[in-house]
Amino acid sequence: MDTLDLARLQFALTAGSHFLFVSLTIGLATLVAVVQTWATLTRSPVHERMTRFWGQLYVINYAMGIVTGLVMEFQIGLTWSGLTHFAGNVFGGALAMETLMAFFVESTFLAIWIFGWNRLNRWVHLAALWVVTITAYASAYWILVSNGFLQNPVGYRVVDGVLRLTDAAAVLTNPAAVRAFLHILCGSLVVAACFMAGVSAYHLRRRTGEQEFFRKSLRIGVSVTLPALVATASFGGVQFDLLQPTKLAAYQGDTEMMTRLQAEMTAAHGPGDYLPPTGLVMGGAIVMLLVFAVLLFMSMANFLLMMLPAAVRRFRLWHVLLTAMIPLPFVSMLAGWVFREVGRQPWVVYGLLTTEQALSDVSPAAVRLSLIAFGALFGVLIVLNTWLLARHARRGPDAVAIGRTSLPAEPAPVIAF
Amino acid sequence: MEILLLAFYAVGYFVLGGADIGVGMLLPYLGRTADERRRVLSTITPLFLGNEVWLVAVAGVLTGAFPLLEGRLLSGLYPVVVTLLIGWIVRDVGLWTRGRVDWAAWRAMCDTAVVAGSWTVVLSWGWMFAGFLSGVVDRPLTEPVALLGIPAIAVLFATHGLAFAALRLRGRLRTRARGLSGTSGAGVTFALTSGGMALLCVSAGLRLPLAQTTADPATLALLTPALLVLTPLLVAAQVCMWWMFTRPADAHTLRNMETSN
């Protein structure tokens, strides 16, 4: 593999791992914030315990999202300095806003939420979680503003071979950003809601002692999944008329259109291969849509079954299916991301800068080494996160450390999280 | 103005984040038993996330306001930045997951990750800053002067961490932390090392071609005011976090809760 392939693989690995973690983070933050709001309003003990249990799982997963996110922040400058050189004036601002308005605030308030349990006024504590949730949305928005610009460049002018910003409003309201943002936001809710339903079903099937707790959680998960799924599909559907012609042609396998586009692009940009790899683009789209179809059928059935108390209590086969559903939305998320990102190739900024032109001047040996290191590290993180989530999910609400009020006997109380 | 913002966030990171990284480096010295190590780490666990985002902010300001320099620095210093990131991740994973599994071996593994990660981060900073200070900006420093600069910067981080630990720890652990920081008192040492960190950032910044690499005026006309509005809010959030985790009433409040449950 040459440096370009290695650098693309490294970026894909980083973004893909990050995307896996954050899709659960954003959705789960929302669900936990809603549950905590209910707990704060009603002082319902079961909802307070639910906040802590699901909040603990949220925090475990958040940690993995943040460490991969740190690498993401540096990834563009590391291997794609041609992109910052060419387009930094237009899309760099969105990334800067993401780090300050979202990442910075989110992390500070998350620390306040985790360690502020039992120390802050409960309304202030609740507000901290809503700040975390809203800034997580803001983070996704700013990232998609920069990604939307790469997909569909707007509001710029080319001066001396670099881009200049001419219309910030066009960049901020770019339909390629806004529709994708809503699509991903709803998709994250599907991920988190399926996770909540699946973990709850595990406890109901095992008849652990927390029946009421997990019946309520299962109902939240199942009742959020269906509408979130429909919304995800709608915001996905409205993006089809925004697809770049080459992506659309590859997705439809339309060889005639591909030949025509290749000829047009060669005429405009000189000789080169201007078509994305058809197999990956089509494969990504098909997997995304197939998994969506499976999820939709299952969610409709789940929605009906959820209304039968006897099924929620005792229908063990259904419980097994709900738990088995947990990975499906993750698969769909990643497949959709492959469709969107691979479909843009060979362009990094569509029609303006190719991925090859954006590559930094780094040696293949250096990228190979860092790819191996990051690859191994992210592999360990994914395994570790899955193991920790499964372990804490299995142990149930009594084993939760976060927000614990009675600390074990120790000379000096130490904050736990 | 962009340069001042960059300096502000960079100094913020090296003063605040530098303290928790320094504590991580000296964990084996400060905490001799598993329980001592837990107490030492509890001085930094609530704060490290809020501290490291100052560096994320530095990266953000670089990307937005100095896109040319950002690309040049990061790709030029590729091996240094990759080493820094790996150390950073290993350290964070250790800190985040230490309390998640109740095995002595697990905690020992996480403690090792924190120490190894902290050292990797500090040595990478040393390598990068030794380069900046000797005027080498867009390639890793390979000249022998690195052998002088790297240990000096490591000593600065360690002393800074030790002073912070002395301010935050109590009893025997505090005595141990004060042992190395001298007789002038931990507060004075911390102020001095903080000044050292700021000096390090400013002298490195003076060597960087900042003024020549700013983004286009049309971009800065929007970005800079936005950053100036955000910055006081971010500082307020940080002050709130620090106030929560450093006020002395903590232990008392927690103990009350313990007995009332």
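So that the names make sense, note that chain A is the first sequence line, chain B the second, and so on, each numbered from 1.
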Is B/Leu227 close to chain A through its backbone or its side chain, or both, or neither, when contacts mean heavy atoms under 4.5 Å?
side chain
Could you tell me which portion of A/Leu388 (side chain, backbone, both or neither) has an atom closer than 4.5 angstrom to a non-hydrogen atom of chain B?
side chain
Please verify the inter-ring angle class for B/Phe48 with B/Trp96; under 30° counts as parallel, over 60° as perpendicular, anything in between as tilted.
perpendicular
Salt bridge (Lys or Arg N to Asp or Glu O under 4.0 Å) involving B/Asp92 - partner list, sequence neighbours excluded
none
Begin with the C-alpha distance, continue with both residues' side-chain angles, and end with the deciding distance and a verdict on side-chain hydrogen bond (donor to acceptor under 3.5 Å, both in side chains) for A/Arg157 and A/Thr166.
CA-CA 6 Å; A/Arg157 187 159 53 95; A/Thr166 55; 5.6 Å; no
Most heavy-atom pairs under 4.5 Å with chain A, out of B/Thr63, B/Leu233, B/Asp216, belong to B/Asp216
Step by step, would you call A/Thr108 with B/Leu234 a side chain to side chain contact (heavy atoms under 4.5 Å, CB included)?
CA-CA 9 Å; A/Thr108 309; B/Leu234 303 183; over 6 Å; no
For chain A, which candidate among B/Val101, B/Val93, B/Val81, B/Thr213 shows the most heavy-atom pairs at distances under 4.5 Å?
B/Val101
Best-contacting candidate, B/Gly50, B/Gly171, B/Gly71, against chain A by heavy atom pairs under 4.5 angstrom:
B/Gly71
Any idea which of A/Leu110, A/Leu100, A/Leu165 has the most non-hydrogen atom pairs under 4.5 angstrom with chain B?
A/Leu100
Top contributor to chain A contacts, counting heavy-atom pairs under 4.5 Å, from B/Cys240, B/Ala237, B/Ala59
B/Ala237
Before you tell me yes or no, could you show the steps for A/Arg164 and A/Val158 under side chain to side chain contact (heavy atoms under 4.5 Å, CB included), namely the whole-Å CA-CA distance, both residues' side-chain angles and the distance that decides it to 0.1 Å?
CA-CA 6 Å; A/Arg164 298 257 167 99; A/Val158 185; over 6 Å; no
Could you look at A/Leu83 and say if it's the side chain, the backbone, both or neither that has a heavy atom under 4.5 Å from chain B?
neither
Contact part of B/Phe66 toward chain A, heavy-atom cut-off under 4.5 Å: side chain, backbone, both or neither?
neither
Check each atom of A/Trp142 against the heavy atoms of chain B and say whether the ones under 4.5 Å are side chain, backbone, both or neither.
neither
Give, as side chain, backbone, both or neither, the part of B/Ala226 having an atom under 4.5 angstrom from any heavy atom of chain A.
side chain
Where does A/Tyr62 contact chain B at under 4.5 Å (heavy atoms): side chain, backbone, both or neither?
side chain
Can you tell which part of B/Val58 gets under 4.5 Å to a heavy atom of chain A, answering side chain, backbone, both or neither?
neither
Considering only heavy atoms and a distance below 4.5 Å, find which of A/Phe109, A/Phe374, A/Phe86 pairs most often with chain B.
A/Phe374
Give a yes-or-no answer on whether the side chains of B/Glu2 and B/Thr214 include a donor-acceptor pair shorter than 3.5 Å.
no
Over 12 non-hydrogen atoms of neighbours within 6.0 angstrom of CG in A/Asp361
no
Taking side chain as everything from C-beta outward and backbone as N, CA, C, O, which of these in A/Leu384 sits under 4.5 Å from a heavy atom of chain B? Side chain, backbone, both or neither.
side chain
For residues A/Gln56 and A/Arg52, determine if any side-chain heavy atom of one lies less than 4.5 Å from a side-chain heavy atom of the other.
no
In terms of heavy-atom pairs under 4.5 Å, which option from A/Leu381, A/Leu377, A/Leu95 contacts chain B the most?
A/Leu377
Measuring heavy-atom distances to chain B, does A/Phe91 have an atom under 4.5 Å in its side chain, in its backbone, in both, or in neither?
neither
Run the side-chain contact (heavy atoms from CB on, under 4.5 Å) test against A/Thr79 and tell me which residues pass, sequence neighbours left out.
A/Ala7, A/Gln10, A/Gln75, B/Tyr78
Just so I understand: if I count every heavy-atom pair under 4.5 Å between each of A/Ser363, A/Ala373, A/Gly116, A/Ala111 and chain B, which residue has the most?
A/Ala111
Any donor-acceptor pair under 3.5 Å linking the side chain of A/Ser81 with the backbone of A/Gly77?
no
Under the criterion side chain to side chain contact (heavy atoms under 4.5 Å, CB included), I'd like the reasoning laid out for A/Phe104 against A/Thr99: C-alpha separation, chi angles, the key distance, then a yes or no.
CA-CA 6 Å; A/Phe104 197 108; A/Thr99 59; over 6 Å; no
Taking every heavy-atom pair that is under 4.5 Å apart, which of A/Met97, A/Met64, A/Glu106, A/Glu98 has the most such pairs with chain B?
A/Met97
For A/Tyr156, which atoms come within 4.5 Å of any heavy atom of chain B: side chain, backbone, both, or neither?
neither
B/Arg139 CZ: over 12 foreign heavy atoms closer than 6.0 Å:
yes
Ring geometry between A/His125 and A/Trp113 (parallel below 30°, tilted from 30 to 60°, perpendicular above 60°):
parallel
What part of A/Val367 gets closer than 4.5 Å to chain B, counting heavy atoms only: side chain, backbone, both or neither?
both
Whatever's closer than 4.5 Å to a heavy atom in chain A on B/Trp88 counts as side chain
